[in-house]
Amino acid sequence: MNEQKSRRPRQADIATLAGVSVSTVSRVLANEPGISETVRRQILKVAAEHGYPVKAATEAVAGGLALIASDGVTGGLSVFYEAIVEGLRAGAAEAGMPFEIRMVREDRTTPDAVRDYMQAAGAEGLFLVGLDPNEMLRGWLRDTLTPAVLVNGTDPMMQFDGVSPANFFGAYQATNRLMQAGHRRILHMSGSHRQTIRERIRGFEAAIAAVPGAEGRFVSMTLKGSASGEAHERTAAILAENAGFTAAFCMNDFIAVGVLEAVTEAGLRVPEDFAIVGFDDLPCALMTNPQLSTMRVDRAALGREAVSLMLSRFRNRTAPARHICQAVVPVPGGTVPNAETRE
């Protein structure tokens, strides 16, 4: 009997006494996030009463809420943002940050709505993923000193922290790939609805301006329906003009797929007669024939960097805003000459 009393309790014993699972006990004793405070206190109380060694708790990290722009066509999560969400979740878990996520329409990001979302989540920090804050929201965030990080976003006024791909330089490099292959009349198929996208437009224009005799045409897209379908229609119309354009740099890979289909249907060979470079390196880039030459965005890294920025902002809410740019890497494919291939 005395021997049993002196035996060190196991996590299974604590789980039985606290009325929870062994995995829950393990997570609490390891100071992992995601357990309600009531359950956490009960487990720690039982452990202390029965002599189980409890690791000192680390300083609590404030919670974060990610508001993510819903896909304008499907209302769901865009494939581009899936990996960003994974990076946010992984970064928050590593930091011990309570974290929740919610998809919203951009017109639902009023100060009152955002305040309600944050209160419901018990969050102190706000991640705006693919959302550019409107003037009312900007004012509320500033006045309340609410920690906010723009994810896949940039603030030209540098009032908010942000992380994004190197859009200007990525677009410059993408366009330069086409010019190195000998093309001098190049289309840029893109929307202009966000600051990040406008940076790509400027990168395209700068690359064109850097080469004497080069000509670029910006083809403005509405992106209100299927990006691939709209790109197909616009490209077919331009090819019918016989305007002499022989290449296209596309805002994303969905647009590039539509351009490729239109070019192929017009009887042109890719890449011999017409070359294409996409952007983002989405799964569809591997599903075309030939495979797309594109630019890779490390989307999961964007999410992890956003969490790092938020942690810094929690520590100092009045520090100057910071912006982090992730490098964009060329991905070989079959839509640019010089025998580009993927491994």
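Between Arg234 and Glu261 there is no salt bridge, since no side-chain N of the basic residue sits under 4.0 Å from a carboxylate O of the acidic one. In summary, Asp161 and Arg313 engage in a salt bridge, as defined by a charged side-chain N under 4.0 Å from a carboxylate O.
For Thr144, the side-chain hydrogen bond (donor to acceptor under 3.5 Å, both in side chains) test picks out Thr146, with sequence neighbours left out. Shown here are the side-chain hydrogen bond (donor to acceptor under 3.5 Å, both in side chains) partners of His193, two or more places apart in sequence or in another chain: there are none.
For CZ of Phe169, the number of neighbouring non-hydrogen atoms (other residues, nucleotides, ligands) closer than 6.0 Å is 12 at most. Atom CE of Met158 is surrounded by more than 12 heavy atoms from other residues, nucleotides or ligands within 6.0 Å. The number of heavy atoms from other shown groups lying within 6.0 Å of CZ (Arg317) is above 12. In Arg108, the CZ atom is not crowded: 12 or fewer heavy atoms of neighbouring residues, nucleotides or ligands sit closer than 6.0 Å.
The one candidate from Val149, Val61, Leu88 that meets the side chain to side chain contact (heavy atoms under 4.5 Å, CB included) condition with Met310 is Val149.
Summarising the geometry of Gly130 relative to Tyr81, their closest heavy-atom pair is CA-OH, 3.1 Å, with the distance given to 0.1 Å. Leu260 and Pro290 get closest at one heavy-atom pair: CD2-O, 3.9 Å. Considering every non-hydrogen atom in both Ala62 and Pro98, the closest pair reads O-CD, 3.9 Å. Taking both residues in full, the closest heavy atoms of Ala248 and Met189 are given as CB-CG, 4.5 Å, listed atom of the first, atom of the second, then distance. The minimum heavy-atom distance linking Arg299 with Ala83 is given by the pair CB-CB, 3.8 Å. Of all heavy-atom pairs between Leu178 and Ile276, the closest is CD2-N, 4.2 Å.
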Going through the distances and angles, do Glu199 and Thr154 end up as a side-chain contact (heavy atoms from CB on, under 4.5 Å)?
-> CA-CA 10 Å; Glu199 289 174 2; Thr154 57; 3.1 Å; yes
With side-chain contact (heavy atoms from CB on, under 4.5 Å) as the test, would you mind laying out the steps for Ser192 and Ile197 before giving the verdict?
-> CA-CA 6 Å; Ser192 58; Ile197 302 305; 5.5 Å; no
Would you sort out whether Arg185 and Glu241 count as a salt bridge (Lys or Arg N to Asp or Glu O under 4.0 Å), showing the intermediate values?
-> CA-CA 14 Å; Arg185 306 198 71 202; Glu241 297 174 4; over 6 Å; no
Please lay out, stage by stage, how Phe279 and Met251 fare under the test side-chain contact (heavy atoms from CB on, under 4.5 Å).
-> CA-CA 6 Å; Phe279 209 96; Met251 181 190 93; over 6 Å; no
Residue pair Asp280, Arg200: steps toward the salt bridge (Lys or Arg N to Asp or Glu O under 4.0 Å) verdict | CA-CA 12 Å; Asp280 293 338; Arg200 293 184 195 178; 3.6 Å; yes
Would you sort out whether Ile14 and His50 count as a side-chain contact (heavy atoms from CB on, under 4.5 Å), showing the intermediate values?
-> CA-CA 8 Å; Ile14 296 171; His50 291 79; 5.7 Å; no
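Hydrophobic clustering (side-chain heavy atoms under 4.5 Å, transitive across Ile, Leu, Val, Met, Phe, Trp, Tyr) groups Val28 together with Val46. Taking hydrophobic clusters as Ile, Leu, Val, Met, Phe, Trp and Tyr residues chained together by side-chain heavy-atom distances below 4.5 Å, Ile255 shares a cluster with Leu268. In the hydrophobic clustering of ILVMFWY residues, with side-chain heavy atoms under 4.5 Å counting as a link, Leu311 and Val129 come out together. No continuous path of ILVMFWY side-chain contacts below 4.5 Å connects Val297 to Ile201, so the two sit in separate hydrophobic clusters. The cluster map of Ile, Leu, Val, Met, Phe, Trp and Tyr, joined by side-chain heavy atoms under 4.5 Å apart, puts Leu187 and Val270 in the same cluster.
The CZ atom of Arg138 sits 4.0 Å away from atom CG of Asp155, with the distance rounded to the nearest 0.5 Å. The structure places CG of Leu309 at 11.5 Å from CZ of Phe314, a figure rounded to the nearest 0.5 Å. The line from CZ of Arg322 to CD of Glu305 is 8.5 Å long, rounded to the nearest 0.5 Å. The CZ atom of Phe249 sits 11.0 Å away from the CZ atom of Phe218 when rounded to the nearest 0.5 Å. For the atom pair Phe127 CZ and Asn152 CG, the distance stands at 14.5 Å (nearest 0.5 Å). How far CG of Asp253 is from CZ of Phe80: 10.0 Å, rounded to the nearest 0.5 Å.
Side-chain atoms of Thr235 do not come within 3.5 Å of backbone N or O of Val259 as any donor-acceptor pair. Between the Asp13 side chain and the Arg10 main chain, a donor and an acceptor come within less than 3.5 Å of each other. Not a single donor-acceptor pair under 3.5 Å links the side chain of Asn176 to the backbone N or O of Ala174. Checked by atom type and distance alone, the side chain of Thr288 never pairs as donor or acceptor with a backbone atom of Cys284 at under 3.5 Å. Checked by atom type and distance alone, the side chain of Glu215 never pairs as donor or acceptor with a backbone atom of Arg184 at under 3.5 Å. Ser228 contributes no side-chain N or O that, together with a main-chain N or O of Val257, makes up a donor-acceptor pair within less than 3.5 Å.
Geometrically, Arg202 does not engage Phe168 in a cation-pi contact, judged by NZ or CZ lying under 6.0 Å from the ring centre and within 45° of the ring axis.
A donor-acceptor pair shorter than 3.5 Å cannot be found between the side chains of Ser23 and Ser26. Between the side chains of His323 and Ser164, at least one donor-acceptor pair of N or O atoms lies under 3.5 Å. For the residue pair Thr318 and Asn316, a side-chain donor N or O sits within less than 3.5 Å of a side-chain acceptor on the partner. Between the side chains of Thr24 and Arg27, no donor-acceptor pair is found at a separation under 3.5 Å. For the 3.5 Å distance criterion, the side chains of Glu265 and His232 qualify, holding a donor opposite an acceptor. Side chain to side chain, Asp281 and Thr294 fail the donor-acceptor criterion of an N or O pair below 3.5 Å.
Gln173 has its side chain within reach of Pro330: a pair of non-hydrogen atoms, C-beta onward, lies under 4.5 Å apart.
Hydrophobic cluster membership for Val104: Leu65, Leu67, Val114, Tyr117, Met118, Leu126, Leu128, Leu131, Leu137, Trp140, Leu141, Leu150, Phe160 (Ile, Leu, Val, Met, Phe, Trp, Tyr linked by side-chain heavy atoms under 4.5 Å, directly or transitively).
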